Amino acid sequence: MGKKVKVRFAPSPTGDLHVGNIRTALFDWAYARHTGGTFLFRIEDTDTTRVTDEYIQAAIDTLKWLGLNWDEGPEVGGDNGPYLQSQRLDIYAEWAQKFLDQKDAYHCYCTPAELEATREAQRAANVAPGYDGKCRDLTAEQIAAYKAEGREAVIRMRMPEGSTTFVDEIRGEVSFDHKFVPDFVLVRADGSPLYTLAVAVDDILMKVTHVLRGEDLLSSTPRQIRVYQAMGVKPEDYPVFAHLPFVMGQDNAKLSKRNGEVSIAWYREQGYLPEAICNYLALLGWSPGDDRENITMAELCELFTVEKVHSSPARFDMKKLEAINGDKIRALTPDEFLKWSLPFLTKAGIITGTDSEIALVKAALPIIQERIVKLNEVPQMLKFLFIKEFAVEADSVSKITDDVSKDVLKRSLKELEPLTTWNHDSIEAALRACLIEEMGLKPRIAFGAVRIATTGSTISPPLFESMELLGKEASLARIAAALTL
RNA sequence: GGCCCCGUCGUCUAGCGGCCUAGGACUCUGGCUUCUCAAGCCAGCUACGAGGGUUCGAAUCCCUUCGGGGCUACCA
């Protein structure tokens with residue numbers, strides 16, 4: 001016992017990080033934090049045709065935004081770097097050569113077309129598809145002949161007879177017969193390494209102890225173990241594997257663009273809080289065991305264990321995410337809420353960021369905090385306080401042009417004008433006195449008209465507080481203006 | 001097709017042989033509260049995929065079956 005835990009998150013940024021990636025990163029991070037171990041972040045960019053610098057940077061930014069800080073990896077460095085596989089090419093080449101020397105691997109001269117033909121035939125014959133081992137034991141003459149033809153070779157790992165059995169921390173013992181694990185390619189014809197080589201070499205060299213990753217990689221585990229063996233790693237030094245269940249879309253299969261938004265950047269723009277995203281994602285495939293659901297990042301670290309992770313896939317439910325986001329927003333301190341809201345207000349063009357604007361926003365936020373679910377609702381809610389050319393919403397106009405409404409507005413104006421103290425208490429007292437008591441109107445009818453006149457909409461934050469914030473002058477001007485509609 | 005993984009309310013889950021006439025959360029429906037919208041509170045709807053075993057007793061163990069998913073690349 002006693003080896004310090006080291007967990008890695010090693011995405012291949014071929015696009016923006018999505019919900020599934022992040023759930024994996026979150027579990028990796030939480031497990032590292034739970035055990036007091038190390039969280040390592042590595043970029044798997046061996047597929048240079050699909051990974052771009054922009055995506056790599058976006059992945060780094062996303063992890064940072066979510067608060068999933070890493071101890072080893074890009075930007076922070078560490079003793080086992082570099083952490084971009086594209087910068088470790090010589091290491092992989094060295095190991096590939098060693099495997100070749102040991103006869104664990106061999107050069108394969110088959111062309112893609114030939115391989116494809118073999119697969120076709122296998123499929124037709126209803127046998128397990130895969131490389132048939134044609135180049136396993138080539139003679140010097142055969143090699144010379146292939147080279148003369150101008151063929152280029154890939155390096156293939158030799159899978160011995162037998163099987164690989166390992167214990168997956170989530171699924172239990174899993175076994176693969178090598179009949180179904182064909183010899184696999186380690187190095188492309190152009191000399192560049194493949195995932196199968198790089199991932200195994202790096203996990204060993206970087207001293208990773210736990211590999212928690214998506215279940216799509218479950219069947220690649222025997223290949224990874226094969227590389228460990230060729231590297232001379234003792235079985236007790238293999239990392240522990242745990243394959244996480246998928247996060248799927250609302251209806252059917254894996255999460256996709258059509259199937260709800262998958263890019264974390266989108267959630268950020270919509271006004272989801274990182275803590276809400278993490279809290280929700282943590283509940284997909286894991287639970288604390290009791291009925292707790294709303295947990296903080298600190299609690300997640302404290303409670304997270306691999307044995308509480310499920311083996312079955314989970315569907316992503318936007319409604320539940322929204323509910324949690326609403327909870328998290330309500331739990332924000334005034335200063336935090338202000339900090340999160342300001343960017344949305346400036347981006348929407350509601351404020352420019354002057355001190356007086358910020359002061360007003362700060363005063364107004366408490367009355368909307370429990371009525372929004374996402375931060376991007378803040379601008380719409382507070383717009384009436386800042387808008388220069390105020391106008392009642394088109395479909396609300398007809399609701400205040402009837403006789404009763406006109407009376408309400410006239411009486412309100414008359415009653416409010418003499419007020420020397422302008423706050424929600426004095427406003428409410430004045431309006432209740434004239435509209436409810438004197439006119440005998442139902443509150444929803446009476447205040448509804450005033451609401452439309454002053455905020456422009458049938459839906460608004462609490463009326464009296466809104467009017468207080470708006471100020472006496474503007475409030476009266478808007479009521480007067482409404483009378484002319 | 002082959003190999004592998006998976007299967008409790010619509011969704012996320014609790015459950016690891018008796019505490020289960022299956023609990024919680026989200027959604028939905030109804031109600032209370034109420035100046036709108038929310039929030040809050042109360043109530044309701046709805047699940048162990050199917051079939052066989054094992055057992056005094058099964059959501060929990062075994063088998064079969066059906067269904068879903070992954071892999072089957074010089075992607076990861």
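Residue numbering restarts at 1 for every chain, and letters A, B, ... go by the order of the sequence lines. Just so it is clear, the values below take in all heavy atoms, side chains as well, and ignore hydrogens, waters and symmetry mates. The model shown is predicted, which means the values in this text are computed figures rather than measured ones.
Within the nucleic acid shown, A/P245 has no heavy atom closer than 4.0 Å to any nucleic acid atom. Among the heavy atoms of the strands lying under 4.0 Å from A/L463 is at least one base atom, whether or not backbone atoms are also near. Heavy atoms of A/G285 sit under 4.0 angstrom from primed sugar atoms or phosphate atoms, though from no base atom.
The salt bridge (charged side-chain N to carboxylate O under 4.0 Å, His left out) pairs that include a residue from residues 154-165 of chain A are A/D137-A/R158, where partners are two or more places apart or lie in different chains. Residue pairs meeting the salt bridge (charged side-chain N to carboxylate O under 4.0 Å, His left out) criterion with at least one member in residues 421-431 of chain A, sequence neighbours excluded, are A/E428-A/R432. Annotation: ring pair (Phe, Tyr, Trp, His ring centres under 6.0 Å) contacts involving residues 108-132 of chain A, sequence neighbours excluded, comprise A/Y109-A/Y146. The stretch residues 434-450 of chain A participates, sequence neighbours left out, in these side chain to side chain donor-acceptor pair (under 3.5 Å) pairs: A/R411-A/E438.
Applying the side-chain hydrogen bond (donor to acceptor under 3.5 Å, both in side chains) rule to A/S311 yields no partners; only residues at least two apart in sequence or on another chain are considered. Annotation: side-chain hydrogen bond (donor to acceptor under 3.5 Å, both in side chains) contacts of A/T221 (sequence neighbours excluded): A/R213, A/H243. For A/Q380, there are no side-chain hydrogen bond (donor to acceptor under 3.5 Å, both in side chains) partners at least two apart in sequence or on another chain. Remark: A/D16 pairs with no residue by the salt bridge (Lys or Arg N to Asp or Glu O under 4.0 Å) rule, at least two apart or across chains. Among residues two or more places apart in sequence or in another chain, the side-chain hydrogen bond (donor to acceptor under 3.5 Å, both in side chains) test is passed with A/Q142 by A/T139.
A donor-acceptor contact under 3.5 Å is formed by the side chain of A/R451 with the base of B/C35.
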Identify each atom pair where a protein N or O and an N or O of nucleotides 72-76 of chain B are less than 3.5 Å apart, giving names and distance.
residue: B/A73; atom: OP2; partner: A/R119; partner atom: NE; Å: 3.2
residue: B/A73; atom: OP2; partner: A/R119; partner atom: NH1; Å: 3.4
residue: B/C74; atom: O2; partner: A/A189; partner atom: N; Å: 3.2
residue: B/C75; atom: OP1; partner: A/R188; partner atom: NE; Å: 3.2
residue: B/C75; atom: OP2; partner: A/R188; partner atom: NE; Å: 2.8
residue: B/C75; atom: OP2; partner: A/R188; partner atom: NH2; Å: 2.8
residue: B/C75; atom: O2'; partner: A/D47; partner atom: OD2; Å: 2.6
residue: B/C75; atom: O2'; partner: A/R50; partner atom: NH1; Å: 2.3
residue: B/A76; atom: OP1; partner: A/T46; partner atom: OG1; Å: 2.5
residue: B/A76; atom: OP2; partner: A/Y195; partner atom: N; Å: 3.0
residue: B/A76; atom: O3'; partner: A/E44; partner atom: OE1; Å: 3.4
residue: B/A76; atom: N6; partner: A/R223; partner atom: NH2; Å: 3.0

Which pairs, protein N/O on one side and nucleotides 4-10 of chain B N/O on the other, fall under 3.5 Å?
residue: B/C5; atom: O2'; partner: A/R171; partner atom: NH1; Å: 2.3

Can you name the atoms? Protein N/O to nucleotides 38-40 of chain B N/O, anything below 3.5 Å, with the distance.
residue: B/A38; atom: O2'; partner: A/E370; partner atom: O; Å: 2.6
residue: B/A38; atom: N1; partner: A/E370; partner atom: OE2; Å: 3.1
residue: B/A38; atom: N3; partner: A/E370; partner atom: OE2; Å: 3.2

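A distance below 6.0 Å separates the ring centres of A/F447 and A/F464.
For B/U36, neither phosphate oxygen OP1 nor OP2 lies less than 4.0 angstrom from any side-chain nitrogen or oxygen of A/S460.
Of the charged side-chain nitrogens involved, none lies within less than 4.0 Å of a carboxylate oxygen, so that A/K319 and A/E322 do not count as a salt-bridged pair.
Listed nucleotides: B/C26, B/G15, B/C3. Nearest to the side chain of A/K308: B/G15. Of the candidate nucleotides B/G24, B/U36, B/U27, B/U27 has the atom nearest to the side chain of A/A323.
Across all strands shown, B/G44 pairs with B/C28; the Watson-Crick or G-U wobble distances both stay below 3.5 Å. For B/C66, the paired nucleotide is B/G7, the pair qualifying as Watson-Crick or G-U wobble because both relevant distances are below 3.5 Å.
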